[in-house]
Amino acid sequence: MNDDLHRLRHSAAHILAQAVKRLWPKTKLAIGPPIEEGFYYDVAPEQPLTEEDLPRIEAEMGKIIQASLPFRQSWMSREAAAAFFNQRSEPFKAEIIRDLPDPKVSIYTNGEFIDLCEGPHVETTAQIRAVKLLSIAGAYWRGNERNPQLTRIYGTAFFEPKELEDFLKVREEAKRRDHRRLGTSLRLFSILEEAGAGLVFYHPKGAVLRQIVEDYSRRQHAARGYQPVITPHLLRSDVWVRSGHYEFYKPNMYTFKLEEGQEWGVKPMNCPGHILIYKATLHSYRELPLRLFELGTVYRNEKSGVLHGLLRVRGFTQDDSHIFCRPGQLKSELEGVLAFVQAAMTDFGFSEYRVEMSTRPPDFMGNQAQWDKAEEILNGVLKAKGIPYEVSAGAGAFYGPKIDIHVKDSLGRYWQCATAQLDFVLPERFGLTYVEENGQEARPVMIHRAILGSLERFLGTLIEHYGGAFPLWLAPVQVAVIPLTQDQEPYARQVLEKLSGEGLRVEMDDRRETLQARIRDAELSKIPHMLIVGKREAESGKVSVRSRAAGDRGAVALEEFIRQAAEEIRERR
RNA sequence: GCUGGAGUAGCUCAGUCGGUAGAGCACGUCCUUGGUAAGGACGGGGUCACGGGUUCAAUUCCCGUCUCCAGCUCCA
């Protein structure tokens, strides 16, 4: 966001607060900053606000804008400001002032409204020409869930009404692409109340889509020197105690005791399983790096409020690998992981992504020196590859720092998929070793990594990215064969068998519906190609092609269609 | 988990100021054999999320639970 837009939205936030104060004078104000999509203001109202109040607030904002009130900056000493806001019953403002380091604080005034604020602002309220309130939600004071909860009013503002219009159009488009809606209408998956929140049921078409992605993943891993493993979904709790999950991750784990038996834990991560495989045999330095790979299904007891379609679930499958290597191999292994991510993102049609590095959390395992070293290595690799990244302090896993990759979808939204985490701690806790060239035992280091992240989240992202209109190589149904009348069914069946034989995913729509109705259904199902066969095609051995992108392409020889489809699949368009 | 909103047919939704409900799509049967986005007729389908309470009577009012939505916090 540029400075001008920043100024504009910040000013709009003030006007929002001003309008709320006019309507409900006893409302207490917290903060109101501009954000990526607009702005918000956190308030503590006397009575709960609802979406129905937004038009009233907007109308009041309109009056303030009409009045063309100038924004004026002034200064107060800290003490004076604290007293001033206390006297006006604004405890949140007073609390902010108490924590400010400066002796003087900046105050902005427009009309009767006075707010603690560094600015900058536009000159007058009349400069806000396109503003809209969007939604209302809860938010914690200072982002801490132990603090009181405030009401957050979201809005957005632009310089020109046209820009606002475009913004609202993109929001509408995002709604149309919502993977939860498409998941139902394209019959891809369900999440069923009776079965439990956050648990995904893949319907046949969704399962086909997932298998295509799984096949891709397996092939790519094999090609890059990863070895497949398969581990149990359930391990004795002793393992989770040893790995540290019991201490650091228990609230998220499904654990249970059987009568007179052991305690068990359903795996929330695949690492201990892979570690046990490593530990089961003796290793020479010659075997390293050892890259163990599993499409590993894990279960995590996520808080109910965070669940969201496929993007946040309780049971999911990661394309998970643990690379055991010598310390000196870390750099090249990490580079290999980053190259793998780049290649995969390109293949799936994502061109832009954001990289984030997360450092040591407050609750961590191991010692600080190991962490410093690990963070330094991650930094080094990203810098050496010239990849720009943001640092998210304190957001690492409990066993090591990590690099996360957030891919940008077609609507400019980011979703976290790939992750690479460095770990000196678990090899030590499990006493992992390998035999060095000189015959001495040495300790390997581990990289935990996922390329697509979780298949659930990745599929959700793919659905939204393509709006359900998948490129040919991903489409669950690639071709629909539509015989014009019953007389063409034998020929249509031949076409179907020929295409299936070529490895294409084909369905025949021989329902007694009109051609128009069947074309409509195929379009709504977003099937890439329709082959319409009537008397003319049956006699000439051709098919009439109608494609999702190009429309009616006329009659072509069946062989020619197969050739074009093969080409299209190869190009992964 | 928290704040606010919500749960009516497979889907999208209407409705009942307390007297056990309706549309479109989908589904089934029949008619229609159609040339590039909805042919027609008839029909089946609902414990109005679940459990309690109030009431002569609850889908409707009250309480609890589950689930979903928008965020917050957390995360693949």
Side-chain angles (χ1 to χ4, degrees), chain A residues 40 42 44-45 48-53 134-154 178 180-181 184-185 187 190-198 251-252 268-270 296 298 300-314 316-320 358 361 395 397 402 404-406 415-419 421 448-458 460-461 482-489 510 512-525 530-537 544-547 551-555:
Chain A
Y40 66 80
D42 283 348
L49 291 172
T50 70
E51 308 254 335
E52 271 113 68
D53 294 316
L134 300 170
S135 61
I136 209 153
Y140 297 105
W141 167 236
R142 302 199 145 174
N144 187 326
E145 64 183 316
R146 282 191 300 270
N147 284 341
Q149 191 148 21
L150 306 168
T151 300
R152 177 168 295 179
I153 304 169
Y154 282 95
D178 191 315
R180 293 166 298 183
R181 182 180 288 261
T184 302
S185 64
R187 296 163 193 268
S190 298
I191 295 172
L192 303 168
E193 179 173 350
E194 63 196 307
N252 281 299
M269 296 186 194
N270 299 300
V298 296
R300 298 181 186 174
N301 184 22
E302 302 288 355
K303 290 182 190 173
S304 60
V306 306
L307 302 174
H308 181 88
L310 292 180
L311 298 175
R312 195 69 185 277
V313 292
R314 287 191 172 138
F316 56 101
T317 301
Q318 299 175 298
D319 60 334
D320 204 1
S358 300
K402 58 178 187 169
D404 291 319
I405 286 125
H406 305 250
W415 305 100
Q416 182 183 343
C417 292
T419 183
Q421 314 172 351
H448 306 238
R449 45 105 292 185
I451 304 299
L452 307 178
S454 90
L455 294 179
E456 282 70 16
R457 178 174 288 180
F458 191 71
T461 309
I482 307 178
L484 193 59
T485 77
Q486 230 160 348
D487 293 341
Q488 284 87 48
E489 277 177 24
D510 54 3
R512 303 274 82 83
E513 295 287 343
T514 57
L515 175 65
Q516 285 89 335
R518 286 178 289 164
I519 286 174
R520 181 167 191 271
D521 286 347
E523 288 283 353
L524 291 175
S525 305
M530 284 169 241
L531 302 184
I532 291 138
V533 295
K535 203 169 168 210
R536 296 200 295 266
E537 289 79 9
S544 272
V545 182
R546 178 183 164 119
S547 298
D552 188 353
R553 289 160 55 190

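Worth knowing before you read on, the calculation uses all heavy atoms, side chains too, and leaves out hydrogens, waters and symmetry mates. Fair warning: this is a prediction, and the values are worked out from it, not measured in the lab. Residue numbers start from 1 in every chain, and the chains themselves are labelled A, B, ... in the order their sequence lines are given, proteins ahead of strands.
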#### Entry: Aro-ring/base stack A:F316-B:A76, d under 5.5 Å, angle under 30°
yes

### Query
Which nucleotide in the list B:G35, B:A37, B:A70 gets nearest to the side chain of A:R546?
B:A37

### Task
May I ask you to decide if A:D319's main-chain N or O and A:R449's side chain share a donor-acceptor pair within less than 3.5 Å?
yes

### Residue A:E302, side-chain atoms from C-beta onward, closest of B:A76, B:C11, B:U33
B:A76

## Note on the structure
Among the nucleotides B:A38, B:U36, B:G1, whichever has the atom closest to the side chain of A:K303 is B:G1

### Message
Nearest to the side chain of A:Q486, heavy atoms from C-beta on, is which of B:A70, B:G35, B:U33?
### Response
B:U33

### Per A:I519 side chain, nearest of listed nucleotides B:C75, B:C2, B:A37
B:A37

### Message
For B:G44, give the paired nucleotide (Watson-Crick: N1-N3 plus N6-O4 or O6-N4; G-U: N1-O2 and O6-N3; both under 3.5 Å), or none.
### Response
none

### Message
Could you walk me through whether A:E513 and A:R520 satisfy the salt bridge (charged side-chain N to carboxylate O under 4.0 Å, His left out) test, starting with their C-alpha distance in whole Å, then the side-chain angles of each, then the deciding distance to 0.1 Å, before giving a yes or no?
### Response
CA-CA 11 Å; A:E513 295 287 343; A:R520 181 167 191 271; over 6 Å; no

### Task
Without swapping roles, check the side chain of A:R300 against the backbone of A:N252 for a donor-acceptor pair under 3.5 Å.
no

Pairs under 3.5 Å (N/O, protein and nucleotides 23-25 of chain B):
none

### Task
In whole angstrom, give the distance that lies between atom NE2 of A:H406 and atom P of B:C75.
11 Å

### Task
Please step through side chain to side chain contact (heavy atoms under 4.5 Å, CB included) for the pair A:D552 and A:I532, ending with a clear verdict.
CA-CA 10 Å; A:D552 188 353; A:I532 291 138; over 6 Å; no

### Message
The side chain of A:V306 is closest to which nucleotide in this list: B:U32, B:A76, B:C74?
### Response
B:C74

### Query
What integer number of Å spans the C1' atoms of B:U29 and B:U36?
28 Å

### Message
Go nucleotide by nucleotide along RNA chain B from the 5' end; which of A:A397 and A:L150 gets its closest nucleotide reached first?
### Response
A:L150

### Summary
Closest to the side chain of A:A139, out of B:G39, B:A70, B:C72, is B:C72

### Message
With hydrogens left out and only the distance checked, is there a donor-acceptor pair under 3.5 Å joining A:R180's side chain and the base of B:C69?
### Response
no

### Task
Would you please confirm or rule out a distance under 4.0 Å between OP1 or OP2 of B:C11 and any side-chain N or O of A:R187?
no

### C1'-based separation of B:A26 from B:G43 [nearest Å]
14 Å

### Message
Under 3.5 Å, is there any donor-acceptor pair linking the side chain of A:Q149 to the base of B:C72?
### Response
no

### Query
If only atom types and distance count, is the side chain of A:R512 paired as donor or acceptor with the main-chain N or O of A:D510 below 3.5 Å?
yes

### Query
Which nucleotide sits closest to the side chain of A:E145: B:G1, B:G35, B:U32?
B:G1

### Query
Any side-chain N or O of A:T419 under 4.0 Å from OP1/OP2 of B:A76?
no

### Task
Select one nucleotide: of B:U33, B:U67, B:C72, the one nearest the side-chain heavy atoms of A:R512.
B:U33

### Message
Between A:R187 (side chain only) and A:S525 (backbone N and O only), is there a donor and an acceptor less than 3.5 Å apart?
### Response
no

Please list, for nucleotides 48-52 of chain B, all pairs of protein and nucleotide N/O atoms separated by less than 3.5 Å.
none

### Message
So A:V298, base contact, sugar-phosphate only, or nothing? Heavy-atom distance under 4.0 Å.
### Response
nothing

### Task
Describe the nucleic acid contact of A:A450 in one word from base, sugar-phosphate, nothing, applying a heavy-atom distance below 4.0 Å.
nothing

### Summary
From the candidates B:A70, B:G34, B:A76, the one with an atom nearest any side-chain atom of A:Q516 is B:G34

